[in-house]
Amino acid sequence: MKRALRIALAMAVGIIGGTASSAWLARSAPFRDIMGRMCNRGRLLAIASGTGVYEADVPSSSAQAIRAAIRLRERPALSPSGEYF
């Protein structure tokens, strides 16, 4: 009886833990980017209302403009005196 209870408890913990970690992982931008590349959707460009926008979803000129804007945001801006904004 105790063995069956332990097995059932271990299964319940595994199911709950797996569900929680998969929900967390599905919201992760790096994971979604990797999955987008694996599924031939291209790089993840943005997440809007929980939905990923990939390179395959937008025309190539728009995708290039979005990537350029992202690159500009990632670089720190310097003032003329050399200080960071």
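Position 1 is the first residue of the sequence; numbering continues from there. Side chains included, hydrogens not; waters and symmetry mates left out as well; all remaining heavy atoms used.
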*Mind checking whether Trp24 and Ile34 sit in one hydrophobic cluster, side chains of I, L, V, M, F, W, Y counted as touching below 4.5 Å?*
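Yes, because Trp24 and Ile34 connect within a single hydrophobic cluster, where side-chain heavy atoms sit under 4.5 Å apart.
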_Cluster link Val13 to Leu5, ILVMFWY, side chain under 4.5 Å_ =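 Result: no, two separate clusters.
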*Sequence-distant partners of Arg37, salt bridge (Lys or Arg N to Asp or Glu O under 4.0 Å), two or more places apart*: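 Checked Arg37 against salt bridge (Lys or Arg N to Asp or Glu O under 4.0 Å); matches are Asp33.
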_Could you report the tightest heavy-atom contact between Ile47 and Ala29, atom names first, then the distance?_
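Taking every non-hydrogen atom into account, CD1-CB, 4.1 Å.
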*asked:* Once rounded to the nearest 0.5 Å, what's the spacing between atom CZ of Arg3 and atom CD1 of Ile7?
replied: 4.5 Å
*Tyr54 pairs by side chain to side chain contact (heavy atoms under 4.5 Å, CB included) with which of Arg32, Arg43, Met35?*
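It is Arg32, the one option of Arg32, Arg43, Met35 that forms the side chain to side chain contact (heavy atoms under 4.5 Å, CB included) with Tyr54.
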